[in-house]
Structure formats: structure tokens, C-alpha cells
Number of protein chains: 2
Amino acid sequence: MPEAVSRPTLEAVATRAGVSRATVSRVVNGGYGVRESLAERVRRAVAELGYVPNQAARSLVTKRHDAVAVVIAEPEARVFTDPFFALQLRGISKELTAHDNQLVLLLTEGRDDHTRVARYLAGGHVDGALVFSLHLDDPLPGLIHDAGVPTVFGGRPGWRDRTGTPLYVDTDNRGGARTAVRHLAGLGRTRIAHITGALDQTSAVDRLDGYRDVMAETADGGGDPSLVVESDFTPAGGERAMRELLDRRPDVDAVFAANDLTALGALRVLRERGLRVPEDVAVVGFDDMLPLAEQSDPPLTTVRQDIEQMGRLMARLLLRGATTVLRDGSAAAGAGPKGASGPGDADPAARTPGPGVILPTTLIRRASA
Amino acid sequence: MPEAVSRPTLEAVATRAGVSRATVSRVVNGGYGVRESLAERVRRAVAELGYVPNQAARSLVTKRHDAVAVVIAEPEARVFTDPFFALQLRGISKELTAHDNQLVLLLTEGRDDHTRVARYLAGGHVDGALVFSLHLDDPLPGLIHDAGVPTVFGGRPGWRDRTGTPLYVDTDNRGGARTAVRHLAGLGRTRIAHITGALDQTSAVDRLDGYRDVMAETADGGGDPSLVVESDFTPAGGERAMRELLDRRPDVDAVFAANDLTALGALRVLRERGLRVPEDVAVVGFDDMLPLAEQSDPPLTTVRQDIEQMGRLMARLLLRGATTVLRDGSAAAGAGPKGASGPGDADPAARTPGPGVILPTTLIRRASA
DNA sequence: TTGAAAGCGCTAACAC
DNA sequence: GTGTTAGCGCTTTCAA
């Protein structure tokens, strides 16, 4: 039976290098205030022994973990059929890695998981949390707030806690929607409909608001409510909504769908009814979900958001906030407004009204509008 | 400035309950050998104080972490446009959660990340690793092996290490491919082509082998090489391959594509050339990637694999192996064959030849074949 | 059954 | 500059 390969400790390195544990510790943690010749000896010993610091021991004394939890609360399948999630993670991972932090992934579905996650965060196992709260009625944010861990949200939360709106990073959903609808208007379309997303999510609400903004400024009949159909971000919901819309307003000549999946459903129904896209009805989506948006028939004109960048910024914000907080000696204070002063050097393109960082969108023109 | 909310310690609970730390520790860890009345007192104190054990302190003495690393090595964008990855994670997460383990996500791209990951694993921060190694020439598996951490691979590795083929969980790619091609043959098609995946991945190789199996047993001209076109799992690759195929063999009447993305590209070209699917050319994909496979035109007949289940099994295998190993007192031994005796109670549907667990596939019939 | 005490490997005062 | 020392919060012998 193989022996447990007990890893070398600081002690071992110290002995080998002929110095004290403290000196080794100093070298390992940056090496300030150590004579270069000694430092060199220590480094060699570290290399020879293949020493890797024991994170548990370190955390025990420093109270830092160099780990961040990513909480994805998604009872629905949607997140899992959507590369959105993966791209966010990629962005987060890159940023955390660059700062030597680990990513602890917490996926939840249902009540039990919520308390589990809350317990975990309250247990002080991580230095902060990145939370994707997709629904307005989600109890998780409250629980997380109570856990007293610095947190940054992905997507604008639909509520504000005792200390105001929490830190978040979001896409400029409203602005993106405006761009989409203006594009449609610029094409000469006058009866522009909107198929909404699930309105218990701020992204859906914001896109609807953006649509209304433009319709209101349009000369004739701004914001005819019969042109708005509520849906749920799914292809099936998109089909349903499109049918309803066509029955109600057969004269519709353009559709802004709350996301690409919805647009896809709409496209299907349009085809089925013998309507040509974009000749008869122009369609614009949202997300630029690849490869779907590219491969649809016709390829989808849509509003792109930089999802990976969103992830990066969330991590950056948290890390900065956490640092601030830790310097203050109050690890449980949460990343305060101090950390929210915007990305600054980080990303000049991002706007920062209040505690949120809003990322810009781009209209991607393909064949559908 | 808010005070650092120092979390209650064992000591605090002990004081409150009027017992020793040792007793609290016993209760918290199962409570064996503690008088029920005392245990009850302790539990109440725990609840009142909101005590959560400090994992770092615990790990320091137990050398266990109740944490598993998931390593996803994917330099290409493919993983991120594919829900595959998300579904695996979901399965893994569920299983780990059920066993009170945390999921540490390690995403890598490029050499630097490899050494980083290897260091991390070697540092003994986690009890095991789940690794997705998608390419035959990937150096990561070797590094990970050297790190001496129990590991289970996702997808059959294309190599064997010193101790034989490592533990893995895979889809029955070969069997699934056979089913697909037989289905095509059953439709009366006789000139069945195959567009392969990236052949540096075992999944692509296995699917090709499955195709060949059936072609070989077919009466006339089994395995005409002009019917096989190499590609790379992408839609663009699928288009290219389909064009080449059509130029070479205009008489082709069926295509088995290595995955749905590839099938999608093929579908496009077929449409573009005015060929009807499935009347002129029947098409079968692989993966049942949703919503793509459902939403394509026509909806895709394809081979479904249970991706989430794959993730679950990987975690289950690792956890079992790790437990075995830990019982043996040799944490660095790696999950040996002992852990590989198959899912047994776990999943009766899975086959287990050697150290691998192979999950079955299902043919999903839609309109394209 | 319960408690006392010895560390796990590390950092951070503090002294030299 | 460098070493000594006192814990961080927990589990785990070992006695009682």
C-alpha cells in the first residue's frame, strides 16, 4: 500500500535552508526584508523539496482564503442551454486566476440549496461571492446579505437592501433595446412589436422599457399596447407570442424579441405562416447567442453583449472591494461603495451609475432585419 | 466602521453548553458516544450561536478538504458555445452537494494554466479531481497524474499511464454511432457518408469506428473511404465537409455527422444546393444539443447522451475512490481499480469494461432522418 | 461518557 | 534582518 506522501512543510524548508520558519514564510510571501543571499537559499530549498504552502494552515491565521464563491441560482433549465453561463464563468475565472484566487462554484436549485449556500457563505469559507440572481422574488440575495460576505451581483437586482442597491454588473439592456428598436424604425418599419422576456427578471423589464422609450418618441401612436406580448425567453414562448401577435395585429412589420431564443420561435411561426423575413416582418433578437444566431434561417440581427467581460468585471469589483474591506479590518462589511467607484482603468467603456457597472451593447446586423 | 463579525468558535459553543470543546466536536461530527441530553444541549447552543465549523481549522488536522477540483481544459471556444459543459457541471455539482463536498472550478487555457493547475492539485487543496481532457496530446493528464491526486476523467483518455488506463466515464460513442448509421441503413439508404469530428479526440475516433462497424457489415461495398470526410465538430467545418462530400460523391443519400453542430453546417449546404432533407439526403447528428437540434430546419434526428448523468457518475466514482483511498490511509494513491468496480447500485444502465464507465445513448427521431 | 492537552502548518508580533 | 514564540480553530489521543 502506497505511503501517504506527506508534503514538505515550512519547517522542512527552513531546516534545509538553514534558516528559521519565519524567514521562509517571508520569502514565500514576497520576500521583503530578507537578505538576497538568504532568500536565494530558501528559494532553492523550496524548489528542491517541491514545497507548496498549506492553504488551510495559512487561512487559519490570516482569515483570508483567496477563494471566491460563484453562486448560480437557476431552477430553470435555461441557464444550462445557454452559453451565457459558461462565458461568465470564463471571464470570472480569468480574473480570479490573475489574482491567485480560487473559484468555488455553488449551483442551486430550490429551497434546500439556498440555506445550504447561505450556511456555506456564513461559514466564512470564501472572501466574497459573485451571485447571479435572476428572479425578482429570489430569497437568496437576502440570505446572502445576512451572511455578511462581500458580494457583487450579476445583473441588476430588482430590490435594494437596507444599505441601498447592492453592487452589481449588468448589460445595458435598456440602451440595447433602444438601439434595436431604432434600427427597426430606421428601416422604415412603423408597426414594431415587442415580445418580452420573463418580466420577473430585470433584464426583461429593462428591455421592455427600452422598447417603450423609442416607441414613445416615434411620431405616430407611440407605444400601442397591442404590439407588446409577454413571453418568457424560451423558443416555445416565442412561438406562442408570435402567434398571438399575428392574430391580434396581422399588420405587424417588425418584431423586437427579448432574446435570440424567443426570436427563433418567432422566426418559425413567421415561416410557417408564409411571411418572409425580413421583407414582410423584420426581426431583431438580443444576446447574440452563438452559434444559434448565426445559424438561424435567416441569420439573426441581434444585440450583442460582452458576457465574458461582465464576468471579469464582477470579479474585479469584488476583489477590489474585498481588498478595501480587508484593509479596513472588517471582513464582513461587504464591498462598500468604495469599491463601486467604477471600473476606472479597468474598462473605460463601462458606465457606472451608482453602485452598478453597466456594460455597453453592440448591434450585430445579419439578415433578419 | 463595522466590526469584523467574528464567527463563533467551538470554544464559544462549549462554554455556552457548559461542556468541553471535545464534546462539542463529537456532537458536530455525528455525535457518537455522547449522552443524548448533553448532545441536545450542544445542538441548541450551536443553533443559538449560529455556529458553523471553520473548515480551514478542520482541514488542518484531518487533511481532508471535502472539496473536489473540476478541471476543464479547453483552449477552444467550443466548450463555451456548448451546453455540454454546463450540464456536466450540474451533474457533478448535484452529486458533490449530496456528499457535502465543494466544487472548485479550474478553467485552463494554455501552458501557464497547466502548471498552475498542477501546482494547485499537488498542493493538496482538494481531495480529488475531475478532469475533462479533450485532446490526445494534452499534457495536462500527465501533470495531474504526477500531482498524485485521485482523479476521474470525463471522456475516454487517449492514452494509458504507468498503471494502465485511468478511471473515466464516457458516452457510448461507438455504440451510438452504430445506432445512427443503422437507422440510416434501415431507411433504405445505401450511400451513407460520415463527417467526422476532430480526430484528436477519442469521441470523434469512436464515432468513426462505430460508423465503420456498420458499413463493414453492410452487404454492398462496406466502408468506401470516399464517403468519409474529416472535420472538426464546428458548423463551419460541417459546411466545408459537406461541400467536399457533395463534390466527391453527388450520389450520397445520407449523412451521419459527428455532432449536431456539424450536422447544422451540413444542413445549410444541402439547402443551399437545393437538396431536400430527408427526401434526398437524410441527416443524423450526435449530442441532441438543445435547443439547436430541435429548432433546426428540419429538426434534427440525433443521438442523445445523458450528459448530466455523466457528471454525476464522475463525481460518484471519485468520491467512492477517494473514500477507499482515505480508509487505506494513503490519500495520494489515486482512486485505484477498487473504486472502478462500476456504478453497481448507482446506475444499472451503465456498462463498465475495465476502469471506464460507459453510458448508453438514445436515438432521438425528428424530421431529418 | 467526558475532559485535558497536544498539535496540524502557518503567520505575525515581538525580541534580538 | 532574523529568530522566537504565541496562537488561529479544530480533531484526537489519552486519562479520568
Side-chain angles (χ1 to χ4, degrees), chain A residues 4-43 45-46 49-67 122-125 127 326-327 329 331, chain B residues 4-43 45-46 49-67 100 122-125 127 326 329 331:
Chain A
V5 190
S6 68
R7 318 201 169 282
T9 67
L10 251 202
E11 181 78 53
V13 178
T15 306
R16 175 140 194 153
V19 298
S20 73
R21 269 152 52 208
T23 298
V24 177
S25 177
R26 286 180 192 115
V27 173
V28 169
N29 293 292
Y32 299 112
V34 176
R35 208 188 327 139
E36 182 48 32
S37 62
L38 262 200
E40 186 47 41
R41 266 210 339 255
V42 171
R43 273 186 234 110
V46 165
L49 263 37
Y51 169 76
V52 180
N54 179 321
Q55 187 60 43
R58 178 180 276 173
S59 294
L60 189 54
V61 31
T62 59
K63 269 103 173 58
R64 302 189 69 256
H65 299 83
D66 296 320
H125 300 307
D127 301 328
L326 285 167
R327 279 211 196 96
Chain B
V5 190
S6 68
R7 321 203 166 281
T9 67
L10 249 202
E11 180 78 53
V13 177
T15 306
R16 174 140 197 152
V19 299
S20 73
R21 271 151 54 207
T23 299
V24 178
S25 176
R26 286 179 192 118
V27 173
V28 169
N29 294 292
Y32 298 111
V34 177
R35 210 188 325 139
E36 182 48 31
S37 63
L38 261 201
E40 186 47 41
R41 270 219 324 264
V42 170
R43 273 185 234 110
V46 165
L49 263 35
Y51 169 75
V52 180
N54 180 320
Q55 188 59 45
R58 179 179 276 172
S59 293
L60 189 54
V61 30
T62 61
K63 269 101 174 62
R64 304 189 69 256
H65 300 83
D66 296 320
D100 272 313
H125 301 307
D127 301 327
L326 285 165

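Letters go in sequence order (proteins before strands), and every chain restarts at 1.
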- Straight-line distance of D66(B) CG to Q55(B) CD, nearest 0.5 Å: 5.5 Å

- Message: Using a strict heavy-atom distance below 4.0 Å, which residues from residues 33-43 of chain B are in contact with DNA chain C?
- Response: G33(B), V34(B), R35(B), L38(B)

- Task: Name all pairs fulfilling the salt bridge (charged side-chain N to carboxylate O under 4.0 Å, His left out) condition that reach into residues 18-31 of chain B, sequence neighbours left out, sorted by first residue then second.
- Result: E11(B)-R21(B)

- Query: What pairs with H65(A) under ring pair (Phe, Tyr, Trp, His ring centres under 6.0 Å), at least two apart in sequence or on another chain?
  - Reply: none

- L49(A) pairs by side chain to side chain contact (heavy atoms under 4.5 Å, CB included) with which of T9(A), T15(A), V13(A)? V13(A)

- Task: Could I get the full list of salt bridge (charged side-chain N to carboxylate O under 4.0 Å, His left out) partners for R58(A), not counting sequence neighbours?
- Result: none

- Task: Assign a letter to each nucleotide of nucleotides 9-16 of chain D from its 5' end: B, base within under 4.0 Å of a protein heavy atom; S, sugar-phosphate only; -, no contact.
- Result: BBBBB---

- Message: For S20(A), give me all partners under side chain to side chain donor-acceptor pair (under 3.5 Å), at least two apart in sequence or on another chain.
- Response: T23(A)

- Query: Do you know the tightest heavy-atom contact between A17(B) and V42(B)?
  - Reply: CB-CA, 4.0 Å

- Query: First and last nucleotide of DNA chain C touching chain A, 5' to 3', heavy-atom cut-off 4.0 Å?
  - Reply: dG9(C) to dA13(C)

- Considering residues at least two apart in sequence or located in another chain, which fulfil the salt bridge (charged side-chain N to carboxylate O under 4.0 Å, His left out) criterion with R41(B)? none

- Query: Which atoms form the tightest heavy-atom contact between Y51(B) and V28(B), and what is the distance?
  - Reply: CE2-CG2, 4.1 Å

- Task: Grab the two heavy atoms, one from A56(B) and one from L60(A), that are nearest each other, plus how far apart they are.
- Result: CB-N, 4.2 Å

- Residues passing the salt bridge (charged side-chain N to carboxylate O under 4.0 Å, His left out) test with R16(B), sequence neighbours excluded, are E48(B)

- Message: List the residues meeting salt bridge (charged side-chain N to carboxylate O under 4.0 Å, His left out) with R43(B), not counting sequence neighbours, and say none if there are none.
- Response: E36(B), E40(B)

- So how far off straight is the helix from dT1(C)-dA16(D) to dC16(C)-dG1(D), going by the axes through five pairs at either end, to 10°? 40°

